[in-house]
J.: 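Here it is: the structure, laid out below.
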Amino acid sequence: MSDWNIERAVDVLLAREADRADGGRITDEWPDLDLATAYQVQDALVGRKQADGEQVVGVKLGLTSRAKQQRMGIDSPLTAWLTDAMVLPADVPVPMGELIHPRIEPEIVFVMGERLAGPGVTAATAMQAVRSVHAGFEVIDSRYTDFKFRLPDVVADNASSSRFIVSPTALDPRGLDLALEACLLSVDGEVVDSATGAAVQGHPAEALALAANSLAERGIAIEPGWLVLTGGLTDAVFVEPGHQITAEFTHLGTVTVTGA
Ligand code: OOG
Ligand code: MG
């Protein structure tokens, strides 16, 4: 019999975040933690943040690109919550002192104009609900040592969510081919990786449809005004103090952050 339950998992994950202390996988001690229960942990964890005054501002997808799936050793995409406390304004350094071992990844971000509820959402219908598309970065900071986790662990940990940056440059996605939108990722001026929007599920709108359809299984719709992070286009890079990390997109513009 495992002495783990949803509340204990939430307590452990929130304490690790607050104490900036990573730790072992929950599934090592709670092997029966299944995906449905892991999402209940994720929802309860965000519920605790909401009780502390945080507001949900959208959702993210994780593990939508082959680069991310190969690095993390998990080939199923997942969803997680974004809150206002995770927003890092463009030009503000990544607050290394508040984080455990932050990594950063370039992402294509949608701002929703209309409600989008699955099941049966296609890339075309998903795109109709989008108000604007933006360049972004996600800062991930797993509460597990060395980012080592199984799928239920990372789902419970709100998919390593920590901070995110959305470029204020808003474009109408209907004028763009987002599968061909290219991104160059640089550290201190040197290109370290590159991808196009096709990296995430063939097209970022496919990733958006996937989010709507997966959330629908839990009775959740994507609401107007919400942000949707469609998933890291490339593998993530570690943020180091003083380093400058830049994602340069063909049309969406350039986002730059430094580690403080
Ligand atoms: C899990 C979160 C993955 C993405 O964009 O693929 C993610 C992790 O890599 O720690 O946010
Ligand atoms: Mg991400």
Side-chain angles (χ1 to χ4, degrees), residues 13 16-17 20 22-27 35 38-39 41-42 45-46 57-83 86-88 94 99-110 133-167 178 181 183 185 193-211 214-215 226-239 245 247 249 252 255 257:
L13 291 168
R16 288 181 188 178
E17 183 178 356
R20 302 184 55 220
D22 53 23
R25 293 183 290 214
I26 294 176
T27 53
L35 201 53
Y39 273 109
V41 174
Q42 186 194 103
L45 186 148
V46 166
V57 295
V59 289
K60 63 171 261 189
L61 286 132
L63 309 179
T64 45
S65 67
R66 183 133 27 115
K68 288 290 303 178
Q69 292 178 353
Q70 281 177 343
R71 167 67 68 180
M72 305 336 268
I74 297 175
D75 61 8
S76 326
L78 49 89
T79 62
W81 295 105
L82 302 175
T83 76
M86 301 174 187
V87 174
L88 194 63
V94 177
L99 307 178
I100 305 168
H101 45 194
R103 289 183 182 176
I104 193 160
E105 53 199 19
E107 304 212 10
I108 292 176
V109 184
F110 291 123
V133 59
H134 304 246
F137 266 133
E138 184 181 19
V139 178
I140 50 174
D141 198 28
S142 176
R143 272 56 66 170
Y144 301 106
T145 306
D146 296 333
F147 282 77
K148 293 260 184 316
F149 40 68
R150 299 184 180 94
L151 182 59
D153 297 299
V154 63
V155 165
D157 187 27
N158 201 30
S160 312
S161 300
S162 175
R163 300 287 190 278
F164 64 89
I165 298 146
V166 181
S167 160
L178 287 179
E181 181 71 15
C183 170
L185 180 68
D193 213 336
S194 63
T196 65
V200 287
Q201 302 293 300
H203 193 294
E206 292 285 357
L208 177 59
L210 177 76
S214 335
L215 289 164
W226 276 14
L227 300 163
V228 180
L229 269 61
T230 56
L233 292 161
T234 65
D235 190 12
V237 294
F238 277 107
V239 186
I245 301 154
F249 288 82
L252 301 178
V255 239
V257 287

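Counting convention: from 1, in listed order, for ligands and their atoms alike. Every heavy atom of this structure was used, including side-chain atoms; hydrogens, water molecules and symmetry mates were not.
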J.: Which ligand 1 atoms does F147 reach within 4.0 Å, using its non-hydrogen atoms?
T.: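 Selected atoms, number and element: 10 (O).
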
J.: Between F110 and H134 (judged by ring centroids, cut-off 6.0 Å), do the two rings come close enough to count as a pair?
T.: no

J.: Run the side chain to side chain contact (heavy atoms under 4.5 Å, CB included) test on I26 and F149 for me, step by step, so that the C-alpha distance in whole Å, both residues' side-chain angles and the decisive distance to 0.1 Å come before the verdict.
T.: CA-CA 8 Å; I26 294 176; F149 40 68; over 6 Å; no

J.: Which of the numbered atoms in ligand 1 are below 4.0 angstrom from a heavy atom of F149?
T.: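 Within the 4.0 Å cut-off of F149, ligand 1 contributes 8 (C), 10 (O).
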
J.: List the closest protein heavy-atom neighbour of atom 6 (O) of ligand 1: residue, atom name, distance to the nearest 0.1 Å.
T.: L63 N, 2.7 Å

J.: Looking only at heavy atoms, what is the nearest atom pair of V59 and L82, with distance?
T.: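 Here V59 and L82 meet closest at O-CD1, 3.4 Å.
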
J.: Which atoms of ligand 1 sit under 4.0 Å from any heavy atom of G231?
T.: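 What qualifies from ligand 1 is 5 (O).
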
J.: If the condition is side chain to side chain donor-acceptor pair (under 3.5 Å), which residues does D235 pass it with, not counting sequence neighbours?
T.: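 Expected list: R71.
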
J.: Counting non-hydrogen protein atoms only, what is the nearest one to atom 10 (O) of ligand 1? Give residue, atom name and distance.
T.: S160 OG, 2.6 Å

J.: Evaluate S142 for polar contact with ligand 1, using N/O atom pairs at a separation under 3.5 Å.
T.: no

J.: Give the atom numbers and elements of ligand 1 that come within less than 4.0 Å of a heavy atom of E107.
T.: 5 (O)

J.: Tabulate below the donor-acceptor pairs under 3.5 Å that side-chain atoms of residues 199-208 make, not counting sequence neighbours, or state none.
T.:
unit_1: Q201; atom_1: NE2; unit_2: T64; atom_2: O; d: 2.9
unit_1: H203; atom_1: ND1; unit_2: A205; atom_2: N; d: 2.9

J.: Give, for atom CD of E107 and atom CG of L229, the distance between the pair rounded to the nearest 0.5 Å.
T.: 4.5 Å

J.: For the side chain of S160 and the backbone of I140, is there at least one donor-acceptor N/O pair under 3.5 Å apart?
T.: no

J.: Closest non-hydrogen protein atom to atom 7 (C) of ligand 1, residue and atom name please, with distance?
T.: E105 OE2, 3.2 Å

J.: Within the 4.5 Å heavy-atom criterion, are F164 and L88 side-chain neighbours or not?
T.: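 With C-beta onward as the side chain, the pair stays apart.
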
J.: Closer than 3.5 angstrom, by distance alone: can the side chain of Y144 be matched with the main-chain N or O of R150 as a donor-acceptor pair?
T.: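 Pair absent, no side-chain N/O of Y144 close to backbone of R150.
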
J.: Within less than 4.0 angstrom of ligand 1, does L229 place any heavy atom?
T.: no

J.: Output, by chain and residue number, all protein N/O/S atoms separated from the Mg ion (ligand 2) by less than 2.8 Å.
T.: E105 OE2, E107 OE2, E138 OE1

J.: Which residue and atom name correspond to the protein heavy atom nearest atom 9 (O) of ligand 1, and how close is it?
T.: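 The answer is K68 NZ, 2.8 Å.
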
J.: Is E138 touching ligand 1 with its side chain, its backbone, both, or neither, if touching means heavy atoms under 4.0 Å apart?
T.: side chain

J.: I'd like to know if the side chain of T234 and the backbone of D193 have a donor-acceptor N/O pair within less than 3.5 Å.
T.: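 Answer holds: no.
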
J.: Could an N or O of ligand 1 be found under 3.5 Å from any N or O of V154, whether backbone or side chain?
T.: no

J.: My understanding is that we take every heavy atom of each candidate and find the minimum distance to atom 2 (C) of ligand 1. Doing that for G62, P77, A159, which one comes out nearest?
T.: A159

J.: Under 4.0 Å between a Lys/Arg side-chain N and an Asp/Glu carboxylate O for R143 and D22?
T.: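 No.
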
J.: Report yes if G232 has an N/O atom closer than 3.5 Å to an N/O atom of ligand 1; otherwise report no.
T.: yes

J.: I'd like to check which ligand 1 atoms, numbered from 1 as shown, lie under 4.0 Å from a non-hydrogen atom of I140.
T.: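 Once the distances to I140 are compared, the set is 8 (C), 9 (O), 10 (O), 11 (O).
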
J.: Return the minimal non-hydrogen interatomic distance between N158 and W81, and the atom names on each side.
T.: OD1-N, 2.8 Å

J.: If I apply the N/O under 3.5 Å rule, does K60 come out as touching ligand 1?
T.: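 Yes, since at least one N or O of K60 sits under 3.5 Å from an N or O of ligand 1.
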
J.: Should F147 and M72 count as side-chain neighbours, where that means a heavy-atom distance under 4.5 Å?
T.: yes

J.: Suppose we screen for salt bridge (Lys or Arg N to Asp or Glu O under 4.0 Å). Which residues come up paired with R16, at least two apart in sequence or across chains?
T.: none

J.: Could you list which atoms of ligand 1 come closer than 4.0 Å to a heavy atom of M72?
T.: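 Numbered from 1, ligand 1 contributes 8 (C), 9 (O), 10 (O).
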
